[in-house]
Amino acid sequence: MPLTTTKQAVREHVHAHRADLLALSHRIHAHPETAFAEHRAAAWCAELLDAHGYAVTAPAGGLDTAFTATLGSGPTTVALVCEYDALPGLGHACGHNLIAAAGVGAALGLAPHADRLGLTVRVIGAPAEERGAGKALLLDAGVFDGVDAAMMVHPCPVEVADFRSFALGTLSVRYTGRAAHPSLNPHEGRNAADALTVAQVALGLLRQHLPPQWRVHGITTAAGTAPNVVPDSASAEYELRATAAEDLAELRERVESCFRAGALATGCEVALTRPEPDYLDMRGDAGLLALWRANAAALGRPEPVESGPFACTDMGNVSHAVPAIHPVLDITGGTCAPHEPAFAQAAVSTEGDRAVLDGAVAMAWTAADFAAGRAAVAED
């Protein structure tokens, strides 16, 4: 069967499952679950894949809400990545319900044709993208081993094929000082809140000497409990963003020096820890992107725009390990953006539903073209 004929059959199979895919998207949206707690969403995705011939392993990679689902025995392994975690207090205001349904949809479209196309299809259910870097943990656990290409789609207020992201690091800060009475014996105290203040002043001065796209931002989570006690503990949570993983390492060292300065100036002790793995910058594979652009255009998707890095994703970690793409699909026309309440409504809109189906078909077509290209090279 010619590749063009097979791709048309793939599209028909995706649309044959339209009702199930949109129901999956809306069901996940109606029952938001945050990082590492996505038990229902993961199960619903896995159940639909299992019902159509996929061999499901759950949990996977040591994470309770991760799964893999595999079908086919071709020489080219393509990973279709599903996200399904929600935002605390905002539900699916990042549209991960669409990501999950599109990944499952691409897998269902490919299912009857995987062996003919020379594909092994591996669906990876990846929890905790918003917080926790689930994909980085799955990489370390070997879940992406043997993958030749990985892909996912994400809803957005613009259409971008070559999505680029910042590298993101997290930092937990805890100062330990010595309590004292602020009028009776303040000289015996070591003020942990002052240590944090010194560090924040240092950070404010540092910012004017950072490159324009580097970011340092955070919150104070504790700084004493009463005004008549010198605080013996203070804590903060910070995020660091840079354009590339290499830049993030430099930024982290400079920021941590500011927090050490606070401890040095006040006689306190400081503990600096990383609560989760770093999110690396997204590096889209040029060959996969060319295939995606052609397939998205064939579906009538909007002309993609060029964009500098924005947001962060642990799919960036995957892209440092295997060829990967992370196109974003416009569902709002710029009227609202992810992490806004209105975006949660867009995630179950008509345009959101279209993104599920278009994303599924375009990923399935891109996987088919990728496998065909590798087969042609092997024959030569």
Side-chain angles (χ1 to χ4, degrees), residues 32-38 63 83 85-91 93-94 96 127-137 165-177 179 190-208 210 213-226 229-243 245 247-266 268-281 309-314 316-317 337-340:
E33 300 165 300
T34 54
F36 299 116
E38 317 94 324
L63 302 181
E83 295 175 6
D85 60 319
L87 289 158
L90 287 173
C94 206
H96 291 189
E129 189 275 339
E130 294 292 352
R131 178 65 65 193
K135 295 182 196 63
L137 298 175
S165 67
F166 289 104
L168 168 70
T170 53
L171 180 63
S172 291
V173 183
R174 182 175 180 83
Y175 288 104
T176 302
R190 298 293 181 267
N191 195 315
D194 285 353
L196 184 54
T197 298
V198 170
Q200 289 171 329
V201 171
L203 289 172
L205 296 172
L206 173 66
R207 285 189 177 97
Q208 67 177 314
L210 296 179
Q213 289 188 311
W214 292 17
R215 300 285 185 268
V216 180
H217 47 93
I219 59 170
T220 298
T221 54
T225 57
V229 179
V230 173
D232 63 353
S233 66
S235 58
E237 298 291 331
Y238 269 75
E239 290 187 346
L240 321 174
R241 299 174 194 254
T243 47
D247 299 328
L248 183 63
E250 178 185 345
L251 177 59
R252 183 182 289 279
E253 179 56 34
R254 296 177 73 177
V255 168
E256 288 185 353
S257 293
C258 293
F259 287 109
R260 294 188 191 99
L264 180 64
T266 58
C268 294
E269 296 180 355
V270 64
L272 303 173
T273 58
R274 302 185 189 189
E276 61 191 46
D278 287 347
Y279 286 54
L280 305 185
D281 51 303
F310 63 94
C312 300
T313 175
D314 55 3
N317 298 60
H339 296 216
E340 296 177 13

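Keep in mind the model is a prediction, meaning the values are calculated, not measured.
Between His217 and Arg241, some side-chain heavy-atom pair lies under the 4.5 Å cut-off. Put simply, the side chain of Asn191 reaches to within 4.5 Å of the side chain of Val230, judged on heavy atoms. Annotation: side chain of Asp281 is not in contact with side chain of Pro309 (no heavy-atom distance under 4.5 Å). A heavy-atom distance below 4.5 Å is found between the side chains of Leu272 and Val173. Between Gln200 and Tyr238, the closest side-chain pair of non-hydrogen atoms falls below 4.5 Å. Counting heavy atoms from C-beta outward, Thr34 and Glu130 have side chains that stay 4.5 Å or more apart. With contacts defined as side-chain heavy-atom distances shorter than 4.5 Å, the pair Phe259/Tyr175 qualifies.
Leu248 and Ala242 make their closest contact through N-CB, 3.7 Å (heavy atoms, listed as atom of the first residue, atom of the second, distance). Nearest heavy atoms, Ala179 versus Asp232: N-CB, 3.4 Å. Nearest approach of Pro32 to Gly91, heavy atoms of both residues: CB-CA, 3.8 Å. Across every non-hydrogen atom of Ala136 and Pro277, the tightest pair is CB-CB, 3.9 Å. For Leu168 against Cys312, the heavy-atom pair with the smallest separation is CB-SG, 3.6 Å. Across all their heavy atoms, Thr221 and Ala236 have their closest contact at OG1-N, 3.6 Å.
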Test log, rule side-chain contact (heavy atoms from CB on, under 4.5 Å), inputs Gln213 and Thr243 | CA-CA 7 Å; Gln213 289 188 311; Thr243 47; 3.3 Å; yes
Check step by step if side-chain contact (heavy atoms from CB on, under 4.5 Å) holds for Glu38 and Leu63.
-> CA-CA 11 Å; Glu38 317 94 324; Leu63 302 181; over 6 Å; no
Given the rule in the side-chain contact (heavy atoms from CB on, under 4.5 Å) test, do Arg254 and Val216 qualify, once you have shown the distances and angles that lead to the verdict?
-> CA-CA 11 Å; Arg254 296 177 73 177; Val216 180; over 6 Å; no
Applying side-chain contact (heavy atoms from CB on, under 4.5 Å), run through Leu251 and Asp247 and close with a yes or a no.
-> CA-CA 6 Å; Leu251 177 59; Asp247 299 328; over 6 Å; no
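Interatomic distance, OG of Ser165 versus CG of Asn317, reported as 8.5 Å (0.5 Å rounding). For the atom pair CG (Leu240) and CD (Glu250), the distance works out to 12.0 Å, reported to the nearest 0.5 Å. Between Leu205 atom CG and Cys258 atom SG the span is 8.5 Å, to the nearest 0.5 Å. Rounding to the nearest 0.5 Å places CG of Asp278 at 12.0 Å from CG of Asp314.
A side-chain donor-acceptor contact under 3.5 Å links Tyr279 to the backbone of Glu129.
Judged purely by distance below 3.5 Å, without hydrogens or angles, the side chains of Ser172 and Glu237 pair a donor atom with an acceptor atom.
The residues Arg190 and Glu269 are annotated as not salt-bridged, no charged nitrogen and carboxylate oxygen being separated by less than 4.0 angstrom. Between Arg131 and Glu239 there is a salt bridge, since a side-chain N of the basic residue sits under 4.0 Å from a carboxylate O of the acidic one.
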